[in-house]
S.K.: 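Attaching a single structure in structure tokens format; questions to follow.
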There are 2 protein chains.
Amino acid sequence: MAITIAASSETDYVEGMPRKTDARARAIATAQRLFRIQGYTATGLTQIIEESGAPKGSFYFHFPRGKAQLAEEAIDHYVAGRIAVLRNISANTAGDALNFVQQVFGTFAAEMVASDFQYGCLMQNLANELPALDAELTERVARGFVDSTEIITEHFRGCGFTPARASSTAAALVAALEGARTIARLERTPAIFEALAEVSVQRWAVAER
Amino acid sequence: MAITIAASSETDYVEGMPRKTDARARAIATAQRLFRIQGYTATGLTQIIEESGAPKGSFYFHFPRGKAQLAEEAIDHYVAGRIAVLRNISANTAGDALNFVQQVFGTFAAEMVASDFQYGCLMQNLANELPALDAELTERVARGFVDSTEIITEHFRGCGFTPARASSTAAALVAALEGARTIARLERTPAIFEALAEVSVQRWAVAER
DNA sequence: CTCTTTCTATGGTGATTGCCATAGTATGGC
DNA sequence: GCCATACTATGGCAATCACCATAGAAAGAG
């Protein structure tokens with residue numbers, strides 16, 4: 001009977017029959033990938049449908065609100081994944097700020113290398129095309145940053161940082177990560193992540209001796 | 001006789017009559033502004049021409065290679081301006097790393113506030129749409145980052161940093177600035193720049209006592 | 001079987017995209 | 001007056017954009 005996963009996100013579908021195909025999930029995954037590589041406006045629905053192998057006839061059945069809805073679900077997935085990664089690293093480095101930061105840089109760098117430096121950050125790409133986004137989508141992008149920062153803040157608190165210092169350090173880390181993605185894509189090298197790691201080492205090596 | 005400025009950039013035009021109108025320069029300025037707000041693909045030539053007040057009939061006379069050439073000249077202007085700002089701050093804070101960093105954050109934050117958080121960084125916006133860019137344009141974007149980083153590296157060297165530390169610190173600063181722009185646009189607040197400034201203060205206050 | 005729901009095929013809409021060919025005007029040098 | 005250069009107007013190109021109306025297939029529930 002092949003139970004499909006297809007998380008169906010919180011939008012629409014309060015009940016009804018379970019999914020019968022994975023066309024919907026594949027469309028979201030492909031959209032996320034293309035939006036990260038090319039940007040939102042530069043990616044047409046045609047390309048998403050083609051590359052996902054989804055049938056052309058049922059797009060507006062799965063996504064009645066069109067491209068905007070597709071982007072909403074794509075960013076929901078993206079943010080969820082990003083948060084999971086951060087939580088995981090945080091759990092593995094509890095109480096150790098330096099190790100946490102190093103692992104975050106390392107993980108992001110590895111992700112970029114794995115994609116041959118093609119993938120940008122979906123939140124950043126959408127943020128750079130704000131006028132093309134409706135209020136709902138904009139809000140989700142903003143929330144993605146807030147949520148990410150909160151997790152990191154929480155970790156630093158667990159390292160004994162004062163609340164103020166934990167929060168400003170977390171914000172700085174998020175900003176550095178975003179900028180590093182942009183630069184790494186151009187340089188096609190994880191060098192910028194290593195530079196950030198070095199600077200962090202110097203920072204804590206001196207501050208916490 | 002109204003001498004026009006119209007810098008004409010290094011592309012095309014090795015000689016010939018001087019410019020007679022400012023339509024060309026205005027098109028470049030408008031393109032830079034719209035690309036920063038909306039992105040490259042999301043900005044149509046129609047909108048650029050309309051908002052710049054330039055005549056519709058002469059666009060391909062001024063820019064024979066079309067939108068790509070327009071973007072090239074826009075980023076040349078943008079990078080030149082950014083470098084001038086950095087050089088200026090560097091000159092005003094010679095030998096003082098902390099003061100330099102603070103002024104850089106302050107200047108970027110003020111620029112964002114002044115535009116009501118509408119403007120992104122042109123280099124970043126273009127970098128997020130790499131597949132839409134030709135090799136020439138991609139190269140210019142990359143050079144913009146390299147040049148910016150070099151100026152900052154130079155300043156840190158002048159503060160007594162070792163070459164390696166000057167260069168990694170400069171790279172980290174550039175990355176943080178880029179990320180901060182993205183976040184500030186979403187939060188509509190210069191808070192992220194203040195967070196970065198605080199973290200920097202802690203860094204140097206401890207490291208250089 | 002019937003009925004409901006899920007999903008897809010077809011074929012199209014009008015608008016906008018970047019680009020360009022052709023022709024014509026304006027102006028300054030000689 | 002003549003001519004070269006700087007610039008503009010007009011009209012249209014093929015392609016793509018997001019979107020949708022209509023119809024029907026597929027399949028599980030009763």
Side-chain angles (χ1 to χ4, degrees), chain A residues 1-6 8 12-28 30-31 34-35 38-72 74 129 131-134 137, chain B residues 1-6 8 12-28 30-31 34-35 38-72 74 129 131-134 137:
Chain A
M1 54 179 67
I3 307 231
T4 51
I5 321 260
S8 91
D12 305 280
Y13 295 109
V14 265
E15 52 187 336
M17 285 187 179
R19 287 273 112 68
K20 279 186 279 189
T21 73
D22 62 344
R24 199 183 130 92
R26 274 184 299 145
I28 295 172
T30 304
L34 291 176
F35 289 161
Q38 301 173 338
Y40 180 68
T41 311
T43 303
L45 292 180
T46 312
Q47 188 185 6
I48 295 174
I49 290 168
E50 270 177 7
E51 294 201 15
S52 71
K56 308 130 207 304
S58 57
F59 179 81
Y60 284 91
F61 168 78
H62 292 297
F63 306 97
R65 295 201 332 281
K67 195 182 183 183
Q69 181 181 358
L70 182 58
E72 285 170 22
E129 301 180 68
L133 276 44
D134 57 33
L137 192 44
Chain B
M1 54 178 66
I3 307 227
T4 51
I5 321 255
S8 91
D12 305 280
Y13 295 110
V14 267
E15 52 186 339
M17 285 187 180
R19 288 273 112 69
K20 278 187 280 190
T21 74
D22 62 345
R24 200 181 129 93
R26 273 184 300 145
I28 296 171
T30 304
L34 292 176
F35 289 161
Q38 303 174 335
Y40 180 69
T41 311
T43 303
L45 292 179
T46 312
Q47 189 185 7
I48 296 174
I49 290 169
E50 270 177 7
E51 294 200 16
S52 72
K56 309 134 208 301
S58 58
F59 180 81
Y60 284 90
F61 168 79
H62 293 297
F63 306 98
R65 295 200 334 279
K67 195 182 182 184
Q69 181 180 359
L70 183 58
E72 285 170 22
E129 301 180 67
L133 276 44
D134 58 33
L137 191 44

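Side chains included, hydrogens not; waters and symmetry mates left out as well; all remaining heavy atoms used. The chains referred to below are lettered A, B, ... by the order of the sequence lines, with proteins before strands, and numbering in each begins at 1.
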S.K.: Could you give the CD1-to-P distance, from B/I49 to C/dC19, as a whole number of Å?
M.R.: 11 Å
S.K.: Round to a whole Å and report the spacing from NZ of A/K56 to C1' of C/dC7.
M.R.: 15 Å
S.K.: Measure CD/A/Q47 against P/D/dC17 and give the value in whole Å, please.
M.R.: 8 Å
S.K.: Output the single nucleotide from D/dC17, D/dC7, C/dT6 whose closest atom is nearest the side chain of B/H62.
M.R.: D/dC7
S.K.: Over how many whole Å does the gap from B/E50 atom CD to D/dT8 atom C1' extend?
M.R.: 17 Å
S.K.: Would you kindly give the CZ-to-P distance between B/F61 and C/dT22, to the nearest whole Å?
M.R.: 18 Å
S.K.: From B/I48 CD1 over to B/Q38 CD, what is the distance, rounded to the nearest 0.5 angstrom?
M.R.: 9.0 Å
S.K.: Let me confirm one number: the CG-CD1 distance from A/D22 to A/I28, rounded to the nearest 0.5 Å.
M.R.: 11.0 Å
S.K.: OH of B/Y60 versus C1' of C/dT17: gap in Å, rounded?
M.R.: 10 Å
S.K.: Using a heavy-atom cut-off of under 4.0 Å over every strand shown, decide if B/T41 touches base, sugar-phosphate, or nothing.
M.R.: nothing
S.K.: Could you please name the option among C/dC7, D/dC7, D/dC19 that lies closest to any side-chain atom of A/S58?
M.R.: C/dC7
S.K.: How long is the line joining CG of B/L34 and C1' of C/dG18, in whole Å?
M.R.: 16 Å
S.K.: What is the distance, to the nearest angstrom, from the NZ atom on A/K67 to the P atom on D/dC17?
M.R.: 8 Å
S.K.: For A/E51 and A/T30, test the side chains for any donor-to-acceptor distance below 3.5 angstrom and give the result as yes or no.
M.R.: no
S.K.: When the nearest nucleotide of DNA chain D is assigned to A/L45 and to B/P55 on a heavy-atom basis, which residue is associated with the more 5' position?
M.R.: B/P55
S.K.: Just how far is it from atom CZ of B/F35 to atom NZ of B/K67, taken to the nearest 0.5 Å?
M.R.: 5.5 Å
